[in-house]
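The structure appears right after this line, and notes come after that.
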Amino acid sequence: MKHTILITGVGKRIGYALAKHFIAQGHQVIGTFRTHYPSIDELAELGADLYQCDLTLTEEINDMLQRIVAQYSELNCIIHNASDWHNDKTSNEVSSADIMTRMMNIHVSAPYQINLALAPLLTASAKQQVGASNIIHITDYVAEKGSKKHIAYAASKAGLHNLTLSFAAKLAPEVKVNSIAPAMILFNEGDDDDYKVKALAKAILPVEAGNNEMISLVDYLTSSHYVTGRSYAVDGGRQLK
Ligand SMILES: NC(=O)C1=CN([C@@H]2O[C@H](COP(=O)(O)OP(=O)(O)OC[C@H]3O[C@@H](n4cnc5c(N)ncnc54)[C@H](OP(=O)(O)O)[C@@H]3O)[C@@H](O)[C@H]2O)C=CC1
Ligand SMILES: Nc1nc2c(c(=O)[nH]1)N=C([C@H](O)[C@@H](O)CO)CN2
């Protein structure tokens with residue numbers, strides 16, 4: 001059955017890999033992006049419906065949501081992937097308050113607004129299909145552990161998981177809501193060897209997991225009929241180190 005799936009942050013890396021995966025499976029992908037990379041044109045060519053939206057700006061979120069609600073009569077899944085991995089370093093231009101506001105806006109406020117606006121579509125679609133609709137919040141291992149260098153980021157990801165608990169209770173049984181809490185999935189360009197050695201050493205499975213770890217878990221959660229309100233760690237056993 002062809003599903004309609006909204007993914008935030010499809011321009012690169014995990015969001016882009018998820019979009020390509022679902023397009024290849026024959027589903028309709030709705031993707032949000034901030035920066036217009038060549039990948040956006042590629043996804044459009046493949047049939048994705050793309051919305052440029054800075055998820056820290058309420059007016060852009062509202063405009064995108066109005067367009068989606070006007071255009072779509074069904075929605076089967078939302079994956080909140082978009083994220084800004086901001087550290088706590090302040091500057092003359094950026095205060096600690098600015099950092100916390102930015103982290104909460106993209107990781108908590110935007111998913112909150114999107115879920116509330118699109119919940120009726122998810123719920124109605126569940127009644128037309130076998131199984132529930134799904135929301136997946138991509139959080140982070142540090143949501144449960146904290147982080148010395150990304151305090152605001154970690155707190156916002158903890159808030160994002162709390163949305164999982166609230167929306168799972170609110171939207172059941174038509175909509176399942178779960179978190180995925182990754183750790184070392186993909187290095188960033190510019191990560192030097194010293195950083196990579198230290199990052200890998202944090203887990204008892206010292207590997208860069210790769211996009212397929214995320215794709216496989218998303219496929220499991222969206223095919224489940226009995227999992228909701230939970231967080232699934234993809235972290236190489238970091239908690240045992
Ligand atoms: N990569 C990893 O090892 C880990 C990833 N995660 C989580 O997995 C998810 C995907 O990770 P990854 O692919 O590495 O993420 P990236 O940081 O590489 O990309 C995140 C995406 O979010 C978009 N984005 C950032 N800020 C905004 C904004 N204000 N408005 C709209 N879009 C925005 C980016 O757009 P743009 O290109 O314009 O910046 C980008 O497309 C994230 O939620 C992340 O926190 C958690 C732990 C580990
Ligand atoms: N939005 C992002 N969040 C995170 C990223 C990233 O690249 N973008 N990367 C990490 C690290 O891989 C970290 O998990 C290594 O320990 C965390 N979050």
Side-chain angles (χ1 to χ4, degrees), residues 6-21 31-40 43 48 50-61 63-64 78-87 98-99 101-111 113-114 136-161 163-164 179-191 195-203 205-215 217-218 231-239 241:
L6 169 62
I7 306 169
T8 65
V10 295
K12 63 183 178 180
R13 294 160 55 88
I14 294 172
Y16 169 72
L18 285 168
K20 294 269 284 196
H21 170 72
T32 85
F33 67 98
R34 179 178 58 174
T35 305
H36 196 136
Y37 303 112
S39 59
I40 298 302
L43 292 174
L50 297 156
Y51 295 84
Q52 190 159 21
C53 177
D54 184 329
L55 293 169
T56 62
L57 301 176
T58 301
E59 60 273 18
E60 292 194 13
I61 295 170
D63 176 62
M64 174 186 67
I78 302 174
I79 301 174
H80 294 285
N81 166 80
S83 167
D84 185 353
W85 191 34
H86 207 299
N87 63 35
D98 295 330
I99 294 169
T101 298
R102 182 171 191 80
M103 293 296 95
M104 289 297 177
N105 279 347
I106 185 163
H107 296 137
V108 183
S109 183
Q113 294 172 65
I114 292 167
I136 293 175
H137 297 125
I138 300 182
T139 61
D140 189 308
Y141 166 79
V142 298
E144 71 175 26
K145 179 78 180 295
S147 169
K148 291 183 282 187
K149 295 180 180 175
H150 298 83
I151 299 169
Y153 165 86
S156 67
K157 289 286 192 171
L160 180 57
H161 176 61
L163 293 186
T164 291
S179 298
I180 294 176
M184 191 58 256
I185 306 299
L186 295 177
F187 287 115
N188 275 285
E189 284 178 33
D191 288 344
Y195 171 84
K196 289 180 179 178
V197 167
K198 286 176 182 171
L200 293 175
K202 291 178 181 178
L205 299 179
V207 296
E208 180 187 21
N211 288 319
N212 286 340
E213 281 288 321
M214 299 293 287
I215 291 168
L217 184 49
V218 169
S231 178
Y232 285 73
V234 187
D235 62 14
R238 276 191 64 168
Q239 82 285 8
K241 193 72 180 187

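Order of listing sets the numbers, starting from 1, for every ligand and every atom in it.
Counting heavy atoms from C-beta on, the side chains of Thr8 and Ile79 never come closer than 4.5 Å. Between Ile14 and Asn81, some side-chain heavy-atom pair lies under the 4.5 Å cut-off.
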Kindly print each ligand 2 N/O atom paired with any protein N/O atom under 3.5 angstrom away, one pair per line, or none if nothing qualifies.
from: ligand 2; atom 1: 1 (N); to: Ser83; atom 2: OG; distance (Å): 2.8
from: ligand 2; atom 1: 3 (N); to: Tyr153; atom 2: OH; distance (Å): 3.3
from: ligand 2; atom 1: 7 (O); to: Arg13; atom 2: NH2; distance (Å): 3.0
from: ligand 2; atom 1: 7 (O); to: Asn188; atom 2: ND2; distance (Å): 2.7
from: ligand 2; atom 1: 14 (O); to: Ala183; atom 2: O; distance (Å): 3.1
from: ligand 2; atom 1: 16 (O); to: Arg238; atom 2: NH1; distance (Å): 3.3
from: ligand 2; atom 1: 18 (N); to: Asp140; atom 2: OD2; distance (Å): 3.2
from: ligand 2; atom 1: 18 (N); to: Tyr153; atom 2: OH; distance (Å): 2.9

Kindly print each ligand 1 N/O atom paired with any protein N/O atom under 3.5 angstrom away, one pair per line, or none if nothing qualifies.
from: ligand 1; atom 1: 1 (N); to: Arg13; atom 2: NH2; distance (Å): 3.4
from: ligand 1; atom 1: 3 (O); to: Ala183; atom 2: O; distance (Å): 3.2
from: ligand 1; atom 1: 3 (O); to: Ile185; atom 2: N; distance (Å): 3.0
from: ligand 1; atom 1: 3 (O); to: Leu186; atom 2: N; distance (Å): 3.0
from: ligand 1; atom 1: 3 (O); to: Leu186; atom 2: O; distance (Å): 3.4
from: ligand 1; atom 1: 13 (O); to: Ile14; atom 2: N; distance (Å): 3.1
from: ligand 1; atom 1: 14 (O); to: Arg13; atom 2: NE; distance (Å): 3.2
from: ligand 1; atom 1: 14 (O); to: Arg13; atom 2: NH2; distance (Å): 2.9
from: ligand 1; atom 1: 18 (O); to: Arg13; atom 2: NE; distance (Å): 2.7
from: ligand 1; atom 1: 22 (O); to: Ser83; atom 2: N; distance (Å): 3.1
from: ligand 1; atom 1: 26 (N); to: Arg34; atom 2: NH1; distance (Å): 3.4
from: ligand 1; atom 1: 29 (N); to: Asp54; atom 2: OD1; distance (Å): 3.0
from: ligand 1; atom 1: 30 (N); to: Leu55; atom 2: N; distance (Å): 2.8
from: ligand 1; atom 1: 37 (O); to: Tyr37; atom 2: OH; distance (Å): 2.5
from: ligand 1; atom 1: 38 (O); to: Arg34; atom 2: NE; distance (Å): 3.0
from: ligand 1; atom 1: 38 (O); to: Thr35; atom 2: N; distance (Å): 3.1
from: ligand 1; atom 1: 38 (O); to: Thr35; atom 2: OG1; distance (Å): 2.6
from: ligand 1; atom 1: 39 (O); to: Arg34; atom 2: NH2; distance (Å): 2.5
from: ligand 1; atom 1: 43 (O); to: Asn81; atom 2: O; distance (Å): 2.8
from: ligand 1; atom 1: 43 (O); to: Lys157; atom 2: NZ; distance (Å): 2.9
from: ligand 1; atom 1: 45 (O); to: Ser83; atom 2: OG; distance (Å): 3.0
from: ligand 1; atom 1: 45 (O); to: Tyr153; atom 2: OH; distance (Å): 3.0
from: ligand 1; atom 1: 45 (O); to: Lys157; atom 2: NZ; distance (Å): 2.9

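For Asp84, the salt bridge (Lys or Arg N to Asp or Glu O under 4.0 Å) test picks out Arg102, with sequence neighbours left out.
Rounding to the nearest 0.5 angstrom, the gap separating the CG atom in Leu50 from the OG1 atom in Thr32 is 9.0 Å. We find the NE2-CD1 distance between His161 and Ile180 to be 12.5 Å, quoted to the nearest 0.5 Å. To the nearest 0.5 angstrom, Met103 atom CE is 6.0 Å from His86 atom NE2. In this structure, CE in Met64 is found 4.0 Å from SG in Cys53, a value given to the nearest 0.5 Å.
Both tests hold for Lys196 against Phe187: distance to the six-membered ring centre under 6.0 Å, angle to the ring axis within 45°.
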Identify all side-chain donor-acceptor contacts of residues 145-159 below 3.5 Å with residues at least two apart in sequence or on another chain.
from: Ser147; atom 1: OG; to: Lys149; atom 2: N; distance (Å): 3.4
from: Ser147; atom 1: OG; to: His150; atom 2: N; distance (Å): 3.0
from: Tyr153; atom 1: OH; to: Asp140; atom 2: OD2; distance (Å): 2.5
from: Ser156; atom 1: OG; to: His107; atom 2: ND1; distance (Å): 2.8
from: Ser156; atom 1: OG; to: Ala152; atom 2: O; distance (Å): 3.4
from: Ser156; atom 1: OG; to: Tyr153; atom 2: O; distance (Å): 2.6
from: Lys157; atom 1: NZ; to: Ile138; atom 2: O; distance (Å): 2.8
from: Lys157; atom 1: NZ; to: Thr139; atom 2: O; distance (Å): 3.3

